[in-house]
Structure formats: C-alpha cells, structure tokens
Protein chains: 2
Amino acid sequence: MNGTLHDRIRTDFETRILSGELAPGDRLPTEQALMAHYGCARMTVHKALSPLAAAGLIERRRKAGTFVARPRAHSMVLDIPDLAAEVAARGQAYAYRLLGRTLRAADASQSAMLELDGVHTADGRPLAAEHRLVAAAVAPGIETADFARQSPGAWLLAHVPWSEAETRITAAAATAAEATTLGVAKGAPLLCVARRTWRAGRLVTLVRQAFVADAYELVARFGPRG
Amino acid sequence: MNGTLHDRIRTDFETRILSGELAPGDRLPTEQALMAHYGCARMTVHKALSPLAAAGLIERRRKAGTFVARPRAHSMVLDIPDLAAEVAARGQAYAYRLLGRTLRAADASQSAMLELDGVHTADGRPLAAEHRLVAAAVAPGIETADFARQSPGAWLLAHVPWSEAETRITAAAATAAEATTLGVAKGAPLLCVARRTWRAGRLVTLVRQAFVADAYELVARFGPRG
DNA sequence: CATCGCCTTTTGTCTAGACATGAGCGTCCG
DNA sequence: CGGACGCTCATGTCTAGACAAAAGGCGATG
C-alpha cells in the first residue's frame, strides 16, 4: 500500500485476513518462505508481521509458526473530538459560557478542587451542559484562567498533560436543572459522557457532559482507514 | 519494562512524556546520541521510537530531529464487549429472544437482507432491543441459523469476518414499540448504539441496539494499561 | 535583499548475518 | 508403556553497516 516493502507485506496479509481469504487458525508461511517469496531479508518480513501480532490479528509461536488469530472481543477507536472544532466544522459558531465557579477547599478525602459549571453552545443553541472538577494542585494557573473565550477542557488540553483517561458513556433523562440550562423538557433523553483524567496517577479532572440527544453523536471506527 | 532493550528505551520515553517531564515541543536526543547512551545499534533505538511515532506521542522530522508531539484531538479505545460475556461477568443469566424475522428481497437499491428483531435480556429483564439487517449474500448459512441459543451478533462474529466497522452512539427517547419491548415508559432515555459492518467494501450487517439507560454503559480508555 | 541550489544532518529502510528463546517432537532408557 | 532428554525449527532480538529521502542551513548568485 505504502511505498515501503514491509508495508506492502503487512497490508498484503492484513487484507487477506480481513477479507476472510485467510481464516482463523490458518497457518502463514514461515519467515524463511516469505524471505524467498518477497526476495528480502528476514528483518523486513519480521518488521511487517510484528505489528500484526501486536494488533492481535495474528498469533506467533516459536517452532510452531504464525497463525491467523481467532476474532476476539473487538475494540474500536473512539474519536473524542474537540467540541469547538467539531462545531466549527459544521459551520456553526461555537461558544462556552461559564455558569458557575466554586473553589472547594481541600479536606481529608481529597485535595482542593475547582468546580466549574458551564454550557457549550452552537450558534447560540445549547449543545451540552458541563460539570467539571479540576484538581487545583495539578493544574497551576487555572484559578486565574479566563473561560469566557476558552472552555476549561481546551485550557486543560493546552496546559496540563495527562497520561490516562477513562470515559463512561450513558444515557439519562434531563434533570430540572439540566433541562433549564439546555432548553429542553425535563426528562428529555441526554447523551452523558463522564470522563476522569489522571496524570502520573493523580486525578487531574473529572467532567460530566450532558449532550442534547438529537444534537450530538459519538462515532467509533475500526478499519484500515485508521 | 519488558526484558528487551528496545522495550526499555520505548517505555523510558513513554513515561517521561506522559508524566510531563518531557513537555510538548521538547526535542529528544538524536538516534546517534541514544545509540551512545544505551550502548546499542541504531536499529534498536529506531525500533523503540517508531511505535511512539506511530502512536502519535512523538513526531519525527528528518534533519530536524524528534519532538514530543502536542496533544491533539485524542482518540480512545472503546471496548465493544460481547453482550453475553458482559452479562455473565455480572453474574446474571444472559438470553437473546428473537421477536421477528423477515427476508427482504433484493431490489434495485440493495441486495437481499434478512431483517431480525430481538431483545437481549439479563436475568430475564430486558437489557436492549436490537434491530438488525444482514446481507444474505455475504452471510451464507444465516437463513438456517438458530437464534434461540445464540444472538445474531454472536453468530456473525463466529461465521463472517469483517474488515471495517463504524459505530454511532446516541441517546434517544423510547418509542412506543421499544417501550413495550424493554418494559420501560414511552419516552424513557435509551442509549443507542448503531453499527455498520463491512467486509471488503460490502455491507455485512447494520444493527441498532437500544439499551435501557440505567442498565448499561460504554467505557472507553486511554492509557498505558492498554 | 531574495532565491536557487548544494551540503549536511537526521531519520527511514533494508541487508546479511549472529545468538537467544522456546516449543514441538522424536528418541532413548527405565 | 511412559517420562526425561535432547534435537531442530521457527520466531525474537540485536548488530554493523549501507543507501535513500527529506528538510534545515548556508552560501553563491542574480
């Protein structure tokens, strides 16, 4: 596919496996045989097949050989887009409006957290309500940040690196407060995205975004397009 | 981390970047310098840094060098679990009940599709309503498959390889039909997962699962744990 | 001053080998 | 017959080098 030889070898087997031409359990040629077939060194063959093994598409055992892996519980790539960019791509005007800002002092259970409530809008129409906690100690400077022009999420992305994140996606009925903020009826369905983000084991931020159901969707992909 | 040298070099920089010790834009040593530092050949250094570049953690430019990448619109790994396994892991009894089965003949716009309606249950309680279309030509044998014991999704996973999939996640209010199937009130929030799956460019199946909001959530992760 | 072209640095790919590792498999011996 | 041993094969890791390609830097030239 790409110009390089090991990319060609890799995509060769990738497509043959994904198309079903090579079924799970089938044995692939040995590296020796592939050297001869493609007329290259063993390192090149190895460099081609290693990523497939890492991706779980094939399984390699010494002495036994290389086999097409059985399809397991698959995972897809979920794009977590920048809301501002997403809205702008739709040709709408994005804005974040800060609704509340409270500093919660540290107590026995956790360190000081800045509590931020706001709403993301597209062309002035509410898109999502956001409730966020930010660990003040891990995000120096956030207490003086201006969220009139930039959402807390964008500020954090630019200022605080993170190493780990977990996102939970659920549906929920709008509470009275959410209904008011978003301009929908109480009980209306919302797509809720709750994310916790850590840096070096310490919680950086905890955010819950409630999207108006018919105004937003998440997309996850699996496939050669990346 | 792992015993191998290139794994050690890779995790070295991985942790230094993710911990923030190396900030976005920082330049990494050249491969020459790393050869000297680790006392190994350049291929070994290259093998260590290449995956980091592929993962988007670093950015490499000829002549300029290697730099820590700025965090971009990040993507996470979304686990699409096998429903049966998921329910079993919670200690509940999983079942799929087929509610409707219709063969739609081919027409000008598309080939023959088998239409399947069903409901996934945990301990007898409805968990999700499923509406699925399967391309009969791409899934030979599905017309005689027995869905009393196995859901169409599980059957397809075992019998038809796929190369590409796209999942859209939304929230929606339960229609009257869905409310009846799931035993919830009309208008109750549902987490909807709509997935299209292709094999070699041809549509294999198209499925829409509507989950009872408080009985299900999707989890996506990003981090060194994989 | 601007621009073109050349040089150098740095990464990308590949080779031909070496040794290590581990698993399958047969053999030998009890 | 069965288990322990050792052989062999296939993959895993690594080396020292080669050439290619891209892009920054710099000087010559207009």
Side-chain angles (χ1 to χ4, degrees), chain A residues 1-17 22-72 224 226, chain B residues 1-17 22-72 224 226:
Chain A
M1 204 67 107
N2 233 329
T4 77
L5 180 53
H6 71 257
D7 268 345
R8 199 187 125 220
I9 301 176
R10 182 171 47 74
T11 53
D12 261 18
F13 284 99
E14 213 168 56
T15 57
R16 287 175 66 187
I17 290 169
L22 288 169
D26 281 4
R27 181 172 174 178
L28 272 61
T30 66
E31 296 190 345
Q32 288 293 336
L34 291 173
M35 283 174 61
H37 183 268
Y38 287 98
C40 64
R42 195 165 76 91
M43 270 293 285
T44 307
V45 172
H46 190 76
K47 192 172 181 179
L49 296 188
S50 277
L52 295 183
L57 215 62
I58 61 176
E59 190 181 331
R60 316 196 75 187
R61 286 201 313 278
R62 285 158 161 140
K63 166 75 184 180
T66 304
F67 303 86
V68 179
R70 311 199 171 272
R72 297 166 303 156
Chain B
M1 205 68 104
N2 233 329
T4 76
L5 180 53
H6 71 258
D7 267 345
R8 199 188 124 219
I9 302 176
R10 181 171 48 74
T11 54
D12 261 17
F13 284 99
E14 214 168 56
T15 58
R16 288 175 66 188
I17 291 170
L22 287 170
D26 281 3
R27 181 173 173 176
L28 271 62
T30 65
E31 295 190 345
Q32 289 293 335
L34 290 173
M35 282 174 61
H37 183 269
Y38 287 97
C40 64
R42 195 165 75 91
M43 270 294 284
T44 307
V45 173
H46 189 77
K47 192 173 181 178
L49 297 187
S50 277
L52 295 183
L57 215 62
I58 61 177
E59 189 181 328
R60 316 196 75 188
R61 287 199 314 278
R62 283 154 160 143
K63 165 73 183 181
T66 304
F67 303 86
V68 179
R70 315 199 167 274
R72 298 166 300 158

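Below, chains carry the letters A, B, ... as their sequence lines are ordered, and counting in each starts from 1.
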Is there a residue in residues 25-35 of chain A whose heavy atoms reach under 4.0 Å of DNA chain C, and which residues are they? none
I want to check one thing: is the phosphate of C:dT13, taken as OP1 and OP2, less than 4.0 Å away from some side-chain N or O of A:Thr44? no
Ignoring hydrogens, what is the shortest heavy-atom contact between [X] and [Y]? Give both atom names and the distance.
| X | Y | answer |
| --- | --- | --- |
| B:Phe13 | B:Leu49 | CD1-CD2, 4.2 Å |
| B:Cys40 | B:Val45 | SG-CG2, 3.8 Å |
| B:Ala69 | B:Gly56 | CB-O, 3.3 Å |
| B:Leu52 | B:Ala48 | CG-O, 4.0 Å |

Nearest-Å distance, [atom1] ([X]) to [atom2] ([N])?
| X | N | atom1 | atom2 | value |
| --- | --- | --- | --- | --- |
| B:Arg61 | C:dT8 | CZ | C1' | 17 Å |
| A:Lys47 | D:dG12 | NZ | P | 16 Å |
| B:Leu52 | C:dT11 | CG | P | 14 Å |
| B:Lys63 | C:dT10 | NZ | C1' | 8 Å |
| A:Tyr38 | C:dT15 | OH | P | 13 Å |

Could you tell me whether a side-chain N or O of [X] sits under 3.5 Å from a main-chain N or O of [Y], the two making a donor and an acceptor?
| X | Y | result |
| --- | --- | --- |
| B:Asp7 | B:Thr4 | no |
| A:Arg10 | A:Lys47 | no |
| A:Thr30 | A:Ala33 | yes |

Checking D:dT13, D:dG17, D:dG12 against the side chain of B:Thr4 (C-beta onward), the nearest is D:dT13
Of the candidate nucleotides C:dT9, D:dG17, C:dG22, which contains the atom at the shortest distance from the side chain of B:Met43? D:dG17
Quiz question: going by heavy-atom distance under 3.5 Å, is there a donor-acceptor pair between the base of C:dT10 and the side chain of B:Arg62? no
Assert: residue with more 5' nearest nucleotide on DNA chain C, out of A:Arg42 and A:Leu5, is A:Leu5
Sugar-phosphate only, base, or nothing, as touched by A:His6 at under 4.0 Å among non-hydrogen atoms: sugar-phosphate
Could you tell me whether B:Ser50 contacts a base, only the sugar-phosphate backbone, or nothing, with contacts defined as non-hydrogen atoms closer than 4.0 Å? nothing
With pairs taken as Watson-Crick or G-U wobble and both distances under 3.5 angstrom, which stems of at least three consecutive pairs involve DNA chain D? C:1-30 with D:1-30
